[in-house]
Amino acid sequence: MLLMSVHHESVLPSVVDPVCKFLSFELLVTLGHLALPIFLVHVPLGLIFYKQLVATRLFGAPMNTLCGPWFFYVYLAIVFGFAWILQKAFLTNSRSLLCLKRSSTSCAFSSECPPLLGNCLRSVVVLPE
């Protein structure tokens, strides 16, 4: 019900609903755009800094043991930094999207593409006319 009311309010010329105004703040919109990149980078970075086996080989011990609990804030900054780079360099970059589309099109219609992947790609790739 909340989503329906937010949608109805958001299509009006002027937004008067306080929930819609709050959800339209630039900071929240930016965090929404970074949600997928954060999801993609937080686990690999967490493994590097906090996983016992990996962090011990790289740093001698996990970072929360070496630096203390305050390192979590550094980890958050690193995750947000990598997520922002991923968002700007790949997810919103028109050249990288075009390259991805070309490679998926060539794979989808080649005989070397695995059958399952080829069928999946053929269902989503729209060929230029």
Side-chain angles (χ1 to χ4, degrees):
M1 205 58 160
L2 172 70
L3 291 177
M4 272 179 65
S5 66
V6 168
H7 172 70
H8 288 293
E9 286 291 325
S10 65
V11 295
L12 295 174
S14 64
V15 178
V16 292
D17 184 25
V19 175
C20 287
K21 283 186 178 183
F22 176 73
L23 293 175
S24 326
F25 283 152
E26 189 174 342
L27 177 65
L28 292 177
V29 172
T30 302
L31 286 176
H33 288 300
L34 288 177
L36 175 65
I38 288 172
F39 176 74
L40 294 175
V41 301
H42 85 278
V43 171
L45 291 174
L47 290 174
I48 290 171
F49 294 121
Y50 290 107
K51 182 72 175 171
Q52 184 76 31
L53 183 66
V54 177
T56 303
R57 287 196 176 211
L58 292 174
F59 309 113
M63 294 307 279
N64 59 341
T65 305
L66 288 176
C67 302
W70 63 267
F71 182 77
F72 181 73
Y73 301 108
V74 175
Y75 165 71
L76 282 179
I78 293 170
V79 166
F80 275 98
F82 272 95
W84 184 80
I85 290 170
L86 179 64
Q87 176 73 15
K88 294 297 178 189
F90 296 104
L91 299 178
T92 58
N93 186 336
S94 59
R95 289 189 312 182
S96 64
L97 292 175
L98 182 63
C99 180
L100 176 65
K101 185 175 180 177
R102 284 183 189 155
S103 65
S104 64
T105 303
S106 65
C107 178
F109 296 98
S110 83
S111 59
E112 298 165 3
C113 190
L116 184 59
L117 179 62
N119 292 338
C120 178
L121 289 173
R122 278 189 284 280
S123 68
V124 295
V125 171
V126 178
L127 291 175
E129 298 181 16

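The figures that follow rest on heavy atoms only: side chains count, while hydrogens, waters and symmetry mates do not.
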Determine, step by step, whether F49 and V74 satisfy the side chain to side chain contact (heavy atoms under 4.5 Å, CB included) criterion, reporting the C-alpha distance in whole Å, the side-chain angles of both residues, the deciding distance to 0.1 Å, and the verdict.
CA-CA 10 Å; F49 294 121; V74 175; over 6 Å; no
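- Hydrophobic cluster membership differs between F71 and L53, with clusters built from Ile, Leu, Val, Met, Phe, Trp and Tyr side chains linked at under 4.5 angstrom.
- Distance check: L36 CG to Q87 CD gives 8.0 Å after rounding to the nearest 0.5 Å.
- Nearest heavy atom pair, residue Y50 against residue N64, reads CE2-CB, 3.7 Å.
- Remark: F90 engages L86, S96 in a side-chain contact (heavy atoms from CB on, under 4.5 Å) (not counting sequence neighbours).
- Taking E26 as the reference, T30 meet the side-chain contact (heavy atoms from CB on, under 4.5 Å) condition, with sequence neighbours excluded.
- In terms of heavy atoms, A55 sits closest to P62 at CB-CA, 3.5 Å.
- For V43, the side-chain contact (heavy atoms from CB on, under 4.5 Å) criterion is met by L47, not counting sequence neighbours.
- For the atom pair CG (L34) and CG (L40), the distance works out to 11.5 Å, reported to the nearest 0.5 Å.
- Partners of Y73 by ring pair (Phe, Tyr, Trp, His ring centres under 6.0 Å), not counting sequence neighbours: none found.
- Between the side chain of Y75 and the main chain of H42, a donor-acceptor pair closer than 3.5 Å is present.
- For V29, the side-chain contact (heavy atoms from CB on, under 4.5 Å) partners are H33, not counting sequence neighbours.
- F80 pairs by the ring pair (Phe, Tyr, Trp, His ring centres under 6.0 Å) definition with nothing, not counting sequence neighbours.
- Two residues are said to be in side-chain contact when any heavy atoms from C-beta on lie closer than 4.5 Å; V41 and F82 meet this criterion.
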